[in-house]
Protein chains: 2
Amino acid sequence: MKKSQLCPRFEEAMSILSKRWTGLIIYQLLSGKQRFCTIESAIGISGRLLSERLKDLEKQGIVKRDIFPETPVRIEYSLTEKGLALEPIMKELEKWSQTWIETEAISTSE
Amino acid sequence: MKKSQLCPRFEEAMSILSKRWTGLIIYQLLSGKQRFCTIESAIGISGRLLSERLKDLEKQGIVKRDIFPETPVRIEYSLTEKGLALEPIMKELEKWSQTWIETEAISTSE
DNA sequence: TATACTAACTTACATAAAGTAACTTAATAA
DNA sequence: TTATTAAGTTACTTTATGTAAGTTAGTATA
């Protein structure tokens, strides 16, 4: 593949957000720590992909995983400092969407 | 697919940014109007996908396309008002990347 | 007149990522 | 012994992306 002329840090940051579901997972966790099944139903992602994304985000130091050995086991996901620092981006995107996205224009194919 | 509990506007906005290349194209166009081949080499995208993404972005009213019937033809892409309004998001992501992304950690597989 | 050149695509095909549904694991309760 | 539950994982299909070659239109050059 061709090499870009962009700042590698910015490119890396964008590659995180431009992976499907990643942004919504982070957005969802901004409202506080929560469990796998809560995130799953809140954003409508499948277990297979949520599992994959959470592993990636943990590896990148954006998400933290805490295990509570109850029955059945409880696992809570939350944002690290690095993850929480993404809040301004989400807030700006929220603002933009409220100004520029019309509800009517959204495809309702599902 | 399951339905999410998120604001449809925000979800739609995120779906734009979380499509591969879209964010980089918008970022690139923030530095001013430019031609197909310029964007192509600046961000390292293939012609096939750049063409596809620019069409989508035009349809969404984020990008404008101007034709100059010279020889060979010149076509200039630029951001609309809606597209320019995404600048704060890009600036915040730039800030975040400079604080939290280490250059060493970026995979150099290409 | 025939061939070359250029930007901006498009097509055809291979590979990678995402969607879907069924299955697994471990601890404990009925 | 069977059932229940959260948190995944596996197997398989469909969609998206990567890659390279081909197309189009208007000149310019041999």
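A quick note: this is a predicted structure, and the numbers were derived from the prediction, not measured. Per chain, numbering begins at 1; letters A, B, ... match sequence-line order.
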dA25(D) OP1/OP2 closer than 4.0 Å to side-chain N/O of Arg74(B): no
Checking dC9(C), dG8(D), dA18(C) against the side chain of Ser51(B) (C-beta onward), the nearest is dC9(C)
Q.
Any salt bridge linking Lys33(A) with Asp66(A)? Criterion: basic side-chain nitrogen under 4.0 Å from a carboxylate oxygen.
A. no
Rounded to whole Å, the CD1-P distance (Ile45(A) to dA17(C)) equals 15 Å
request  = May I ask you to decide whether Arg9(B) forms a salt bridge with Glu11(B), counting only side-chain N to carboxylate O separations under 4.0 Å?
outcome  = no
Separation of dT14(D) atom C1' from Leu49(A) atom CG, nearest Å, is 13 Å
Taken to the nearest whole Å, CZ/Phe36(A) to C1'/dA26(C) is 17 Å
| said: Whether the side chain of Arg48(B) and the base of dT19(D) hold a donor-acceptor pair under 3.5 Å is what I'd like checked. | reply: yes
Margin query: Any base atoms under 4.0 Å from Tyr77(B), or only sugar-phosphate, or nothing? Heavy atoms, all strands.
Written below: sugar-phosphate
Rounded to whole Å, CD of Glu58(A) lies from P of dA7(D) at a distance of 14 Å
Taken to the nearest whole Å, CD/Glu52(B) to P/dC9(C) is 13 Å
With the side chain defined as heavy atoms from C-beta on, Val73(B) is closest, among dT19(D), dT10(C), dA8(C), to dA8(C)
Whole-Å distance, Ile75(B) CD1 to dT10(C) C1', equals 14 Å
Residue pair Gly47(A)/Pro72(B) against DNA chain C: nearer the 5' end by closest nucleotide is Pro72(B)
note: Ile25(A), atom CD1; dA18(C), atom P; distance rounded to Å ~ 11 Å
Are Glu76(A) and Gln34(A) linked by a side-chain donor-acceptor pair shorter than 3.5 Å? no
When Glu40(A) and Thr71(A) are each assigned the nearest nucleotide of DNA chain D, the 5'-most assignment goes to Thr71(A)
Out of dT17(D), dG8(D), dA18(C), minimum distance to the side chain of Lys19(B) belongs to dT17(D)
Checklist entry - Hey, is Lys91(A) close enough to Glu94(A) for a salt bridge, meaning N to O under 4.0 Å? => result yes
With a 4.5 Å cut-off on side-chain heavy-atom distances among I, L, V, M, F, W and Y, is there a chain of contacts connecting Ile67(A) to Val63(A)?
yes
In whole angstroms, the gap separating P of dA7(C) from CG of Asp66(B) amounts to 19 Å
**Ion pair check, Glu92(B) and Lys95(B), cut-off under 4.0 Å** = yes
Side-chain N or O of Trp21(A) less than 4.0 angstrom from OP1 or OP2 on dG19(C)? yes
Picking from dT10(C), dT9(D), dA7(D), the nucleotide nearest the side-chain atoms of Lys55(A) would be dT9(D)
ask   = Is any side-chain N or O of Arg35(A) closer than 4.0 Å to OP1 or OP2 of dA7(D)?
value = yes
message = Is Arg20(B) close enough to dG18(D) that one of its side-chain N or O atoms is under 4.0 Å from OP1 or OP2 there?
response = yes
Side-chain contact check for Arg53(A): nearest option of dT20(C), dG19(C), dA18(C) is dA18(C)
